[in-house]
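Have a look at the structure below before the remarks.
Residue numbers begin at 1 in each chain, while the letters A, B, ... track the order of the sequences.
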Number of protein chains: 2
Amino acid sequence: MASGRSAGRVRLQDVADLAGVSMKTVSNVVHDYEHVSATMRDKVQAAIDELGYRPNLTARRLATGKTGMIALAIPEIDQFYFAEMARHIGEEAGRRGYRILVEQTLNDVEAERAVIRDREEGLVDGVIFQPARIDTLEIARLRPGTPLVLLGEAARPVNTDHVMIDNTRAARDGVEMLLRAGRKRIAFLATVRGDITESTHLRLLGYQEALLAAGIGLDATLVLQTDGFALEDGVDAISAAISAGVEFDAVLCRDDLFAMAAVRGLEIAGRRVPADVSVLGWDDTAVARYSTPALSSISPDKRAIAATALSLLEDRMNGYDGTGRHEIVPHSIAERATT
Amino acid sequence: MASGRSAGRVRLQDVADLAGVSMKTVSNVVHDYEHVSATMRDKVQAAIDELGYRPNLTARRLATGKTGMIALAIPEIDQFYFAEMARHIGEEAGRRGYRILVEQTLNDVEAERAVIRDREEGLVDGVIFQPARIDTLEIARLRPGTPLVLLGEAARPVNTDHVMIDNTRAARDGVEMLLRAGRKRIAFLATVRGDITESTHLRLLGYQEALLAAGIGLDATLVLQTDGFALEDGVDAISAAISAGVEFDAVLCRDDLFAMAAVRGLEIAGRRVPADVSVLGWDDTAVARYSTPALSSISPDKRAIAATALSLLEDRMNGYDGTGRHEIVPHSIAERATT
DNA sequence: ACGCTAATCTATAGCGCTGTAAATGTCAAT
DNA sequence: ATTGACATTTACAGCGCTATAGATTAGCGT
């Protein structure tokens, strides 16, 4: 009751003084070091409890050189895919004894450069970074001192670790599934006009490969372009295609948001999903499950991405200094109501 | 080119040695201290550049006692509402010079206790915490040493700062809007059977107040219960009510997820939204905009919540030690296609 | 020149912890 | 008893930075 816990200012030395032992012994007790006698352990623990001692992590870090923290740098935490990745990475990191510092780059080039350049040190032990604006070359050039693992397909310098799914293969799988279901004319939604990202490019490639492999000629009018990344842009693109008389009985979409846009655009035009047109999304985020009708979606194994990224990063943090490793993580297709 | 930057191990002292000055002078240059001569500044900066010096934040923290970090403890980062709050808090924190450490409690009581109890020190300067399981009394009892601001309505001990919207009022506003639109029998979805949370309780209260104020008697069958928090549970509750013959022409929902569930359940039953039944969600998350039809939703001002929480927290971090302040933040109603 | 204030710069003691090396204690086997 | 071989405990030097107090230099009026 009369414990004068003055604002948590109890130091290891205070505990040591009270218990009449050395600082190191107290430290040993705190860390459950095995070679401490039971008597000693009890005596020290009593002192710790009496004073309400709580270790100062900053000091511990300075002494050990480890922070126990990992930065997760992503464009926007409130985008479904990133939110889900953040969750998995957070859980996986927790399991391995790390905490997550979230850094939002907000699609800003300067913010992304800052992540790589890391102007300060000792903040985190490593960084998991999904670039959106910065390109491969620039990442290679700004090569940071802090261990780094990249996510996504937008950039992958040979000298840096990187985790991704096989986008081309996944797109091919999606198209093949649609073909097996009897679809003949499959559209691809959507590449933002004049701003085709690397991942969209890979997906488009797989789309084309699958069609060619099935002996179906490419039709450029089936690659639908949008004016932006918003839902409305996707709806507009679908509507435009329909009123332009483009015929299609399936749409492979670049992400779930555009899949929702496709569904909406088709409904507006009076087409039934999936009776008239199948829609296949990408990322398999929660909205795919929640929207009506529930979206079928190409599903990257997010848990595996998180686990793999953490493993690569842990290697680096433990001193591994070899060349970049590029891990391919499995994907599947979650079939729901739109195919 | 020939800079031997050996793994960022350059210390302040190294720079000082190279420049032939004291550590403190280098420190002054790094911090843009005004009383440093131009010559000196240039000389030191040259040494900094040559060695590629980057300050070690951990050491700085130990010396200053400030970490520049704020913990954000929320149940799950991938729930729409929390993801959006995380974004706003992240942005606002960035503006004020803080970084965000995300701590997922995953609805685990022990994890929530750990947040309050903070077993360690010096990790963050303050904590923003949205409790989900832990109750008011327990928070008051575990009263931590680290500055704390609570979010949400599940708990609010008098001695702790707290930010929320006026839930009762918001529910009343929602019901009044539905009544103005001519709706007569308004249902409330949903309280999980046997697990009514404090915020649901407040919302239910506002729902009842508005009905009574309009001279409409309460009908217990209009308060729909679910078996869980998943979308399907909401759909089931709506379906059950319909097949039990409960008549209603509007549904006020506890959150956007249940609003989507309501829409789906109504569609299954062949009811048109909003022609036959209006649906009003809560939280105004991105899914409200994206789902078809787009959900009308009660909209807490998330940006204001973030800004207010950070302000209260900054006060505390700057030494304010008065009694708990309870800030009410504005809300509005985003009208879309379901009302 | 001299004294005085203000501007600059330096030396060094921490911040609270861990790691290392060394000291001490213990116990079974000579 | 004496000796190893361990188990247990201690002392203290850092980790890299900031802050304080003091030393030095500069500027200026008389």
Return the polar atom pairs (N/O with N/O) between nucleotides 4-6 of chain C and the protein under 3.5 Å, or none.
none

*Do the side chains of Val124(B) and Val127(B) get nearer than 4.5 Å, heavy atoms only?*
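SC-SC contact between Val127(B) and Val124(B) confirmed.
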*Please check if the side chain of Thr67(B) supplies one atom and the backbone of Asp125(B) the other of a donor-acceptor pair under 3.5 Å.*
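The answer is yes, because a donor-acceptor pair under 3.5 Å joins these two groups.
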_Pairs flagged by salt bridge (Lys or Arg N to Asp or Glu O under 4.0 Å) wherever residues 68-82 of chain A is involved - sequence neighbours left out_ =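 Passing the test, one end in residues 68-82 of chain A: Glu76(A)-Arg87(B), Asp78(A)-Arg87(B).
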*Quick one: salt bridge (Lys or Arg N to Asp or Glu O under 4.0 Å) pairs with a partner in residues 34-48 of chain B, sequence neighbours left out?*
Asp32(B)-Arg41(B)
Extract from the structure each pairing of a protein N or O with an N or O of nucleotides 7-9 of chain C at less than 3.5 Å, listing the distance.
| unit_1 | atom_1 | unit_2 | atom_2 | d |
| --- | --- | --- | --- | --- |
| dT8(C) | OP2 | His35(B) | ND1 | 3.1 |
| dC9(C) | OP1 | Ser37(B) | OG | 2.9 |
| dC9(C) | OP2 | Ser37(B) | N | 3.2 |

*Set of ring pair (Phe, Tyr, Trp, His ring centres under 6.0 Å) partners for His326(A), sequence neighbours left out*: His162(A)
*Tyr33(A): what forms a ring pair (Phe, Tyr, Trp, His ring centres under 6.0 Å) with it, not counting sequence neighbours?*
His35(A)
*How far apart are the C-alpha atoms of Tyr81(B) and Gln130(B), what are their side-chain angles, what is the distance that settles it, and do they pass the side-chain contact (heavy atoms from CB on, under 4.5 Å) test?*
CA-CA 12 Å; Tyr81(B) 178 73; Gln130(B) 173 130 6; 4.2 Å; yes
Residues forming a salt bridge (Lys or Arg N to Asp or Glu O under 4.0 Å) with [X], sequence neighbours excluded:
X	value
Asp161(A)	Arg316(A), Arg325(A)
Arg113(B)	Glu110(B), Glu138(B)
Asp14(A)	Arg11(A)
Glu92(A)	Arg95(A), Arg96(A)

*Which nucleotides of nucleotides 16-24 of chain C have their base under 4.0 Å from a protein heavy atom (B), which only their sugar-phosphate (S), and which neither (-), written as one string 5' to 3'?*
BBBBB----
*For DNA chain D, which nucleotides open and close the run of contacts to chain B, 5' to 3', at under 4.0 angstrom from a non-hydrogen atom?*
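On DNA chain D, the outermost contacted nucleotides are dG16(D) to dT20(D).
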*Electrostatic pair Glu112(A)-Arg133(A), nearest N-O below 4.0 angstrom*: no
